[in-house]
S.K.: 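A single structure is presented below for examination.
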Amino acid sequence: MTREEVYEELTEIFRDVFDDDSIEINDDTTSEDIEAWDSLEHVNLMLEVMETFEVEFNMGEVNDMKNVGDMVTMILNRMS
Amino acid sequence: MEITSIEFLLFAAVCIGVYLVLPKKVQWIFLLAASLVFYMTSGVGYTLIYVIVSVLSVYLATIFFEKIDRAESVKNKNGLKKLIMLVALLENLGVLAVLKYTNLGIEIINWFSEKSIGAYIFEPVSYVAPIAISYYTLQLIAYLLDCYWKTIEAEKNFGRLFLYAIYFPQMVSGPISRYKEIGTQLFEEHRFDYERIKKGLIRMAYGFFEKLAVAGPLSTIVSTMYDNLGRFNGVYIWALILLFPLELYADFKGCMDIILGISECIGIHLPENFNAPFFSKSVQEFWQKWHMSLGHFLRDYIMTPILMSKPMKKLGKWAKEKFGRKEGKKIPSYFGLFAVWTCMGIWHGSGVKFIIGEGWWFFAIIFLSEVTEPIFKKIKSNKKSNGVKSVGDKKSEDNNSIGENKIADGFRVIRTIILFAIGNVFFIAKDMSQALQVFRQAFDLKWIRPQEAFIRLQLDRGLNHFTGVVILILGIILMTFFEYMQHRGRDFRDVLSGWKAIPRWGVYILMVSVSVIYMFGNVTTFIYQGF
Amino acid sequence: MKKLIGRLAVFLVPIVIIASINFIVDPYFHYRAPADNMRYTLDREMYQNDGISKNFTYDAIIAGNSMDENFSNEQYDKLFNVNSVKLTLEGASFYEKRKSLERAFASGNDIKQVTMSISYYQTLLKNGDKARAEVDYPTFLYDDNPYNDYKYLLNIYALDMSLKNIYKTITKKPSDKMDDYGEWMHLNTAGWERIATEYVEPEEVLPNRALNSEEKKNLEVNVNDNIEKLVKQHPETEFYFYFPPYSVLMWYNIYSEGLYDATFEQLEYVTERLLKYDNVHLYCFGTNYDITSDMNHYINANHYDDEVSGYILDEMARDDSQYLLTEDNYHEIFADMREYYINYPYENILHRNLVKENNQ
């Protein structure tokens, strides 16, 4: 998968989890930028990400991941 | 050592002074020595052994994690690591449970035994617990799990890990730091820097002021009222219910300001515990800004692991099928929330009243607001389609709506404060029955004249103290102003820097002089016994 | 670094100003008697008693605890033709009372008489050799060490009183009267309504018991060391002691705590020891059943109002008071009290009468 393709899928997930079709994400997006992105939703988000991309993150990585750029990089790393 | 005592202030000053002139290699060792001295003089000396054992168990476990990873001959690496992790975890939690929470267990068992056989089985115990056990235990658990999840590398030097556990500013009331946050800072070189020391000192002065000039007098009023609960009712009880959170905040935040100020002078920036919590619009938001280091700990080490666990994932799947995606995914989060809030309640004290007042009460509020959210959204969207702009609509550009927003927000803030205050009645009341008495008398509307209430507060009997009251009110105004600035993202010291010299120095002098004369002020508790 | 020290030095200015104010005004009379044109406030017994005893001029002392705080010095002075001060302290132990009187006797004043209550519920059985533990004692005021005085000069409560005194002086308000010092009746109204907010009716009776060894020891120390010694050391001073009139509710409590006989044991012990001295006048007001059975005179089980206090002073000033204890009459008087309080119809004022129930 390419970075762009990951972004496409990821944007869908974000819009779905946070129930907002207007969400746009980029490398610098963090939980500060999306109001509904609190700690509860963060875990739901990560669960969706892991299911969709069929990758595994451990607890520490889930907690640590706070901006989208990191997330995409980790997804790509895990997928290869 | 009492944090607002001369002894502690001198101790901190000497530590800072000596630390900043020591060669780099010795600096952290000096901190460790100072922390040990502080520990031995603040608590019961021999309890240090508990700390040593806890640090040792975590130290060995994390070293073994890495050894196992590197070893080739080990077969079931994950299983073995899990076992070692659990042993270290249980050691830490076990010590904490026995030393602090035996009485909670006894309270629960006695409650059952009273219902069944009409008598208490156990007497409450009093074990000597090491100071700050609730704080350093959580820090060590965080470190253990971070190593287990490979977020950080294990610390190979036992002394360094030990310093992380007992760094003396944190041994009073936290904050609960992560190794990632302070691990490097603790061992870096720090030198005298005018700006940094100045900021640290100002923060310390403000902390002393909050504790001595605001929290202290408030605690006299609150405890007098709780000791004579029968003599107050109605509006005075409501004042009492609201005054305690204010006292609690001034005390806790003051403590944090002193601690973080001292650490800042040393050069180590500890995590913040508060972010203007009283300007929050919901209980959920409040607890994201109150005692943040504890909240983050519960989130990262209780909430996330629970939500990511297999049973919860299964539950989530089932719930999504049954209730639809949106509602379904909330179900597992309720379990997670419940676990977090139960822990929050337990952390605050060894008694059922804490679990209820600091735990389940807030869980109930958040749970209900989550559950009713779709209903309110429906109401709002109906209003929208009727052409009426709904209050609280974020995207509104109408001036009227912004005005309505402010009023609605104001109500939300007040509501949040009241809900927080109610939960804390359970925290401060002696026990469940006194807590319930508070609420009973809150609705007793027999009118007591203010002069009479004033007298019952024994404020006329030597506690009558005009200067103190004036300073208290000034202090509350100052705090409210700084909190509001914090809410707007501005550190109070930056705000002060922007002022002209005279008002700025006026505030500095007020904070320092008031703190000094309170430090020497003997507060005599007037026990109305008179024999 | 120099910059920092320079800045920090600025803070010395307000601190020196505050210390100076407290030193000059001296609200606790630690250094000197109040100046003639300087108004003063009398409000904090624990802090001001020592200063008063050292620096005021007087020849009589009203000492004791909250039983004595309502006494009117004006009435007292008229009755006995003296010039008195009040050195009472709420909740004082006998040890504290002794220390306080010792310092007064050492002040240089020629003390003609001392008046003091002798509480006989719990107080005699505790703290024979120390002050109450629960209270922060401002020892820096009770010693002659000037180096710890910074705790007084840089003390917010002292500053508050200094500012108050300055304000009073400027506005020519009068100084506080010794009568009002420690007086607490203006904060309370006597009667059942007030009593009910505090009084908890006992639910069971503990078995009548003797004093244990600790209590006996304290009793001896309190009487021998903390009262008798003063009497012995100052034969030229007249000591007016009295057993205050506890209400029937108090006696009910005493009974339910199993201390009925033990209380009379204490009364007899004190009386026997003190009557040996010529300079002692000992009174017992527990036999005024009109007062003790009328709850309208009390704000709680044992604190009576200022009317009763005034009555006590009047009686002590008489030559022929029926309440004066002598070798000949005290056995009879205590027997009378014993009889009365055990037979009082408590069921008239309470929900039950545990005394009756216990004796059935």
Side-chain angles (χ1 to χ4, degrees), chain A residues 9-25 28-80, chain B residues 78 81 85 142-152 178-180 282 284-285 287-288 292 295-310 312-317 319-320 325-337 340 366-367 370 373-374 377 394-395 489:
Chain A
E9 292 252 21
L10 201 57
T11 311
E12 274 306 308
I13 295 176
F14 266 75
R15 287 179 178 172
D16 190 36
V17 169
F18 299 126
D19 195 29
D20 183 348
D21 287 332
S22 65
I23 290 184
E24 294 289 343
I25 50 173
D28 296 316
T29 312
T30 69
S31 54
E32 304 278 310
D33 305 309
I34 298 176
E35 182 162 340
W37 189 353
D38 61 21
S39 14
L40 273 177
E41 291 299 346
H42 178 73
V43 181
N44 285 328
L45 177 68
M46 297 307 299
L47 286 171
E48 281 292 325
V49 165
M50 289 195 281
E51 206 181 306
T52 308
F53 292 100
E54 288 174 354
V55 291
E56 277 290 324
F57 297 128
N58 75 16
M59 230 74 71
E61 290 159 334
V62 169
N63 284 333
D64 250 11
M65 230 176 286
K66 288 296 165 14
N67 85 22
V68 177
D70 284 344
M71 205 185 287
V72 174
T73 311
M74 289 221 66
I75 294 172
L76 284 168
N77 285 342
R78 279 302 145 82
M79 285 178 79
S80 51
Chain B
N78 285 341
K81 281 198 288 184
M85 184 274 284
Y143 170 77
L144 173 71
L145 291 175
D146 280 344
C147 285
Y148 182 65
W149 295 331
K150 301 222 189 77
T151 312
I152 56 173
R178 306 295 171 81
Y179 198 74
K180 232 185 325 181
S282 71
Q284 176 100 303
E285 188 187 343
W287 283 94
Q288 288 165 351
M292 300 193 294
H296 293 162
F297 177 90
L298 293 173
R299 177 197 64 198
D300 291 343
Y301 301 100
I302 305 238
M303 174 76 106
T304 306
I306 287 181
L307 292 182
M308 303 255 301
S309 66
K310 284 214 181 61
M312 279 300 131
K313 279 193 201 166
K314 281 210 183 101
L315 178 65
K317 267 209 170 77
K320 275 186 212 168
R325 293 204 76 189
K326 228 155 285 167
E327 298 311 308
K329 71 179 174 186
K330 283 191 188 176
I331 306 282
S333 71
Y334 295 144
F335 282 89
L337 270 176
V340 163
I366 294 175
F367 175 72
E370 288 276 321
E373 193 197 339
K377 260 200 179 141
K394 276 184 255 103
K395 305 210 169 109

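A note on names: the letters A, B, ... follow the listed sequences, proteins ahead of strands, and every chain is numbered from 1.
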S.K.: Between chain A and each of Leu307(B), Thr151(B), Leu145(B), Thr304(B), count heavy-atom pairs under 4.5 Å; write down the option with the most.
M.R.: Thr304(B)

S.K.: Salt bridge between Glu48(A) and Lys317(B), side-chain N to carboxylate O under 4.0 Å?
M.R.: no

S.K.: Using non-hydrogen atoms and a 4.5 Å limit, figure out which bit of Asp300(B) sits close to chain A: side chain, backbone, both or neither.
M.R.: both

S.K.: Tell me, side chain or backbone of Lys313(B) under 4.5 Å from chain A's heavy atoms, or both, or neither?
M.R.: side chain

S.K.: If you take all heavy atoms of Met308(B) and Phe57(A), which pair is closest and at what distance?
M.R.: CE-O, 3.8 Å

S.K.: Looking at Gly316(B), Pro305(B), Pro332(B), Gly336(B), which makes the most heavy-atom pairs under 4.5 Å with chain A?
M.R.: Pro305(B)

S.K.: Name the option with the most non-hydrogen atom pairs under 4.5 Å to chain B; the candidates are Met50(A), Met59(A), Met46(A).
M.R.: Met59(A)

S.K.: Just checking Phe335(B): does its CZ atom have more than 12 heavy atoms from other residues, nucleotides or ligands closer to it than 6.0 angstrom?
M.R.: no

